[in-house]
Amino acid sequence: MDFLTLVQVLDSSLRLATPLLLACLAGLFSERAGIFDIGLEGKILAAAFVSAAIAYITGSVWVGLLAGIGASVMLSAIHGLASITLRGDQIISGVAINFLAAGLTVVIAQAWFGQGGRTPPLQSGGRFEPINFPGAVPSKEMADAGPLMQLYSELLSGHSLLVYFALLTVPISWFVLYKTRFGLRLRAVGENPAAVDTAGISVIGMRYAAVIICGILCGIAGAYLATALQANFTKDMSAGRGFIALAALIFAKWRPWYALGACLLFGFFFAVDNRFQNILLPAWAISSVLLLLALGLLAYVWRKSLLDKVVLGGLGLGIVFVSALIVNSAWSAGLGTQIKIPVVFIQSLPYILTVVVLAGFVGKAIPPRSGGVPYMKEK
Amino acid sequence: MDVMPKWADVVLVPLFSLLLAAFLSALLILAIGESPSEALSLMVQGTLLRSAGWGYMLYYTTNFIFTGLAVSVAFHASLFNIGGEGQAMMGGLGVSLVCLFIPWPHWSLAIVGASVGAAVFGMIWAGLPAYLQAKRGSHIVITTIMFNFIAAGVLNFFLVGALKPKGSMDPATANFPASTHLPTFEDMAQLVGFEKMFRSAPANVSFFIALLACVAVWYLIWRSPLGYEIRALGKSGPAARYAGIGSVKVIMITMMISGALCGLMAINTTQGESERLILNFTEGAGFIGIAVALMGRSHPLGVLLAALLFGFLYQGGAELALWTKIPRELIIVIQALVILFTGALTMMVRAPLERLFLMAWRG
């Protein structure tokens, strides 16, 4: 793999990480204020459709972006109404919002455009164009440029405005959450709302503010999908990104800078998955990694309870079995045989990593203490 | 608190939620330029007025009974199993392995074996998140969502790899041998002399297994010691612990029962209908289980009725997509509204009803 390929993969990671990052920070604001939000996915989808549809009709990407944000904020308001004012179940409300968006976008897209749940392709003006930095070489001449120039022209330059905006939201979120009074109160509302209430600050107001910020960021994420990354809306185009953002949020332990890292990592998985259809590793390497993993698990459960032994030990034995299968299939051709890593494994990595982090084997992820609990003022 | 009598709480709240959802859906149909009354009559004609329509409806209902019961059982322990989709996918894998690699002499034996396979695979897939919740405190909602995606990956891996017959392009297993094929309602009707009933509809004997599952879940939750422990843990964790109920054990068992029920859905879709394992055979039924459980108030009888309703909506939605410009996704909107009103906005739905009853009480 040459340097340019690496730069291109990183470039594509950045582009694919952008919607994750925006959605992840959206979830960060909401969950830090104590409102769980499973509905990130639905808000991204709704914003993607509305922004593409409105940008197509008006021909202006900015009107589309605003409309997309509006749609997402509306869903946020429903979530707020259900989980803050009416003290309903936040998880169920989020699930409902996901389905609402999945259904409505297709029904309305079909009624408006009649193209099987898609919007017509956006012309220039209706979409965010890449911004080329001064002096950046065009992609045709990229191969002849020096490595620094390649980094500058391919990785830094040539993204749409929203990519740079998303990167900028990380320090902004950090500053707002940790260096302002608003941020302190927001975090406090997620940890101990009663204390915030005692201080004379409206818990309801703070939580609504957080939920609306979440809606705005999800709206931008959705608009990015349909007007920058692609040039139209397609059915279910969010493709689980809301859930991956949620995974990244846990991976990042509810902190902005870590969120950037987690989203870039998950974006990198996507980019690798897009770019390389065949990842080959020698059989001995794969099976020894698997065996080490299994040994670790088995050593861990050695002195644990029966349940731990059955579940984790069983998992360990399962891994040993897979590793044995690999050795068996490579045996006749020698253990140096290159074995293809299944594409689905790379695609599933974000989810697997999240489960590992959630399990607390690699640094424990502790959510905000009052997350998911509706606040009831004592009478 | 108990302003309303129990029957009103159980009957009126879901009914009122359903009416609200129906009203909003009618508005949506109007907004896209179709007639709600015509849509409803099309749905009724295509579903309730033809025996084949019933055959399709009961096929969907079977799926929703299984997933609805699964979500209900978990709800009783205050656990939210959102992973029904993944558990059903793994169940499908279990059914396929049993049907493909064991030479069954007759379908009646095959369905027993396939049910065990489906239940065990579903159980394992629910057991891991349950373990992580019970022992490591990882939030079960998040882990089961992640396990849905991982299950999709696993299914994909087997269907484009090891289980795909040589030379085939479809991501699917080989067809199951004929001796495992389940009798459909059409076969059963022919047996008793009705030649033209349930023409080529997919409903099959697994519907009766779903009904049995309803009875079994009712017995489990309200008549068995384990059910008592499940409900006690669901009402109050500390109180259950004080009463000597081990939360780890109950969480594990509840989730594994829930996973097994989701897995069982696959005997209907995989062994009963497609007769081979295909990608996306679950078609979101795992998620519809949430709506069904909420609407049915986590009671098997309620689940059965709600599953019939959603079966009707699914078959009716297919008819609408066939004859009008209304796409099938309308049903997803209705499903979302039902979940919203029965699960998240319950206070909004209950408040006016309670006020009505208060007025009636005061005379």
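Note that the structure is predicted; figures quoted are calculated from it, not measured. The chains referred to below are lettered A, B, ... by the order of the sequence lines, with proteins before strands, and numbering in each begins at 1.
- With respect to chain B, the highest number of heavy-atom pairs below 4.5 Å among A/G240, A/A82, A/G117, A/A111 belongs to A/A82.
- With a 4.5 Å cut-off on non-hydrogen atoms, B/K325 touches chain A through its backbone but not through its side chain.
- If you measure heavy-atom distances from B/F80 to chain A, the contacts under 4.5 Å come from the side chain alone.
- Interface remark: A/D308 contributes backbone and side-chain atoms alike to the contact with chain B (heavy atom separation under 4.5 Å).
- Not a single donor-acceptor pair under 3.5 Å links the side chain of A/R32 to the backbone N or O of A/G190.
- Proximity of a side-chain donor or acceptor of A/T105 to a complementary backbone N or O of A/F49 within less than 3.5 Å is not detected.
- Neither the backbone nor the side chain of A/Q347 has a heavy atom closer than 4.5 Å to any heavy atom of chain B.
- Contacts between A/I38 and chain B at a heavy-atom distance below 4.5 Å involve the side chain alone, from C-beta outward.
- A/F36 touches chain B through its side chain: at least one heavy atom from C-beta onward sits under 4.5 Å away, while N, CA, C and O do not.
- A/V311 touches chain B through its side chain: at least one heavy atom from C-beta onward sits under 4.5 Å away, while N, CA, C and O do not.
- Counting heavy atoms of neighbouring residues, nucleotides and ligands inside a 6.0 Å radius, atom CE of B/M348 exceeds 12 of them.
- Of the residues considered (B/M347, B/K249, B/M146), B/M146 shows the highest number of contacts with chain A, using heavy-atom pairs under 4.5 Å.
- Comparing B/L294, B/I290, B/I145, B/T143 by heavy-atom pairs within less than 4.5 Å of chain A, the highest count is held by B/I145.
- More than 12 non-hydrogen atoms from other residues, nucleotides or ligands lie less than 6.0 angstrom from NZ of B/K164.
- Taking B/V141, B/I124, B/V248 one by one and counting their heavy-atom pairs under 4.5 Å with chain A, the maximum is reached by B/V141.
- Ranked by non-hydrogen atom pairs under 4.5 Å with chain B, the options A/G94, A/S305, A/A96 are led by A/A96.
- Using a 4.5 Å cut-off between heavy atoms, B/L340 contacts chain A through both its backbone and its side chain.
- Within the 3.5 Å criterion, the main-chain N or O of A/M237 finds no donor-acceptor partner in the side chain of A/T234.
- In this structure, the portion of B/L28 lying under 4.5 Å from any heavy atom of chain A is its side chain and not its backbone.
- Ring centroid separation for the pair A/Y351 and A/F243 does not come in under the 6.0 Å cut-off.
- Checked against the 6.0 Å centroid criterion, the rings of B/Y314 and B/F64 qualify as a close aromatic pair.
- With hydrogens and angles ignored, the 3.5 Å screen pairs a side-chain donor or acceptor of B/S258 with a backbone N or O of B/A70.
- Comparing A/I91, A/L246, A/T354, A/D89 by how many heavy-atom pairs each has under 4.5 Å with chain B, the most go to A/I91.
- Although no hydrogens or angles enter the test, the distance criterion places no donor-acceptor pair under 3.5 Å between the side chain of A/E31 and the main chain of A/G371.
- In this structure, chain A has no heavy atom under 4.5 Å from any part of B/F341.
- Around CZ of B/F157, the count of heavy atoms belonging to other residues, nucleotides or ligands within 6.0 Å does not exceed 12.
- Heavy atoms closer than 4.5 Å to chain A are found in the side chain of B/I82, but not in its backbone.
- For the side-chain contact (heavy atoms from CB on, under 4.5 Å) criterion with A/F99, the lone passing option out of B/I288, B/I331, B/I339, B/L337 is B/I339.
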